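All heavy atoms count here, side chains included; hydrogens, waters and symmetry mates do not. Here the structure is a predicted model, which means the values were calculated and not measured. Order of listing sets the numbers, starting from 1, for every ligand and every atom in it.
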Amino acid sequence: MKSDNYRSWIEVDFGRLESNVSKIKASLPAGVKYIAVVKADAYGHCMPQALMRFLRGGADLFAVANLYEASRVREIVSDRQVLVLSPILAEERPLVFDYAATPAVSSLQEAEAFAKLARARGKILGVQIKVDTGMGRAGVWHEEAEEVIPKILSVDGIRVDGMFSHLSSADSDRNFTEKQCDILKQIALKYGKAGMLFHIHNSAAMRYIPISYPFNAVRMGLIQYGINPYDDGGGYADLKLQPVLEFKARVLAVGERDGLKIATVGAGYADGVPSGFTESARVLAGGVRCPILGPVGLDEMTISISGAGDVKVGDPVTFIGSQDGSEISLSDYSRWTRRIPWETMVAIPRRVNRLLKY
Ligand SMILES: *Cc1c(COP(=O)(O)O)cnc(C)c1O
């Protein structure tokens, strides 16, 4: 595939994705399962096509946010558990069987509703119990675990395949995170059975929470895509992660304004470039960091190319990625657009072409 006729596009380097996944996998203690979080179109990295790379890199299971995403994984992957992390609406529950998805249940009532559907189909449905250890969203509230979890475990028609919890602030509050881990650990030790998965680690927790008994799986999101969740860029050195996504657009016109050489670039806020860049924001043109001039329009924006040598119509402009040895990281771009990296990845709309590098 070539990008010659694209005005704005992302490039997704599947070789790097696979290598990130395999390095993360290799870093896990023996026997720990790798749950690849591929919600939101694999964080904007073209989900159905990317799945094969997660498998080749060593992912054992997949996690998505909802049943629609589960169905898209199932089209490609038939032999791996697909865990649905967010609550499933009552009307959607029968689809769990169509897609062979594993729901996360947060209450006895929900477990019983799934069990009833399973019994009507003559099946046993695998589920995982979501425990709320402090996030304050879905999940069995940990203080009610003693009352609720034994009852869920004895519901006829379901089989509990795991227990997990989501960390609310792994990148900012170490004490609270350690507390959350300890709460899930105690619950797993008390109610867990052989063969179940117990997992709490997200990307940020991988930096400092040891993966130790009884935890036997991790849920990996951001770092798979080569991005460090921390502003300080520290940790993860052993993994040598490589960024997977680049974001580019083409120069549509060059000219002069107030004695400055300027270029009109074919990307605007309809391409996901936010209208509110900070002063320090730069893009790469002619291999040089160039400042942004004036407000970003719907389809276009203007940059100063005074310091950039010979920039011509049709040349690429890089928002995220490298050019002639200079680089703008997704973390830089996120900071300049007042977004967090997760938000940057999922905020690139369909209008922007996808160039997959195999
Ligand atoms: C999205 C998500 C993850 C992955 O988080 P990262 O910070 O991107 O690694 C893990 N667990 C749950 C429940 C999630 O929703």
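Summarising the local packing, CZ of Arg7 is surrounded by 12 or fewer heavy atoms from other residues, nucleotides or ligands at distances under 6.0 Å.
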Please tabulate, for side-chain N and O atoms in residues 36-51, each donor-acceptor pair with protein atoms closer than 3.5 Å (sequence neighbours left out).
{"residue": "Asp41", "atom": "OD1", "partner": "Met47", "partner atom": "N", "Å": "2.8"}
{"residue": "Asp41", "atom": "OD2", "partner": "Arg350", "partner atom": "NH2", "Å": "3.3"}
{"residue": "His45", "atom": "ND1", "partner": "Ala42", "partner atom": "O", "Å": "3.1"}
{"residue": "His45", "atom": "ND1", "partner": "Tyr43", "partner atom": "O", "Å": "2.8"}

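With salt bridges taken as basic N to acidic carboxylate O contacts below 4.0 Å, one links Glu246 and Lys248. Salt bridge Asp173/Lys179: absent, no basic N to carboxylate O contact under 4.0 Å.
By the ring pair (Phe, Tyr, Trp, His ring centres under 6.0 Å) test, Phe164 pairs with His199, sequence neighbours left out. The ring pair (Phe, Tyr, Trp, His ring centres under 6.0 Å) check on Tyr236 picks up nothing, with sequence neighbours excluded.
Protein residues lining ligand 1, listed by chain and number: Val37, Lys39, Tyr43, Leu85, His166, Asn202, Ser203, Arg219, Gly221, Leu222, Trp342 [non-hydrogen atoms, distance under 4.0 Å].
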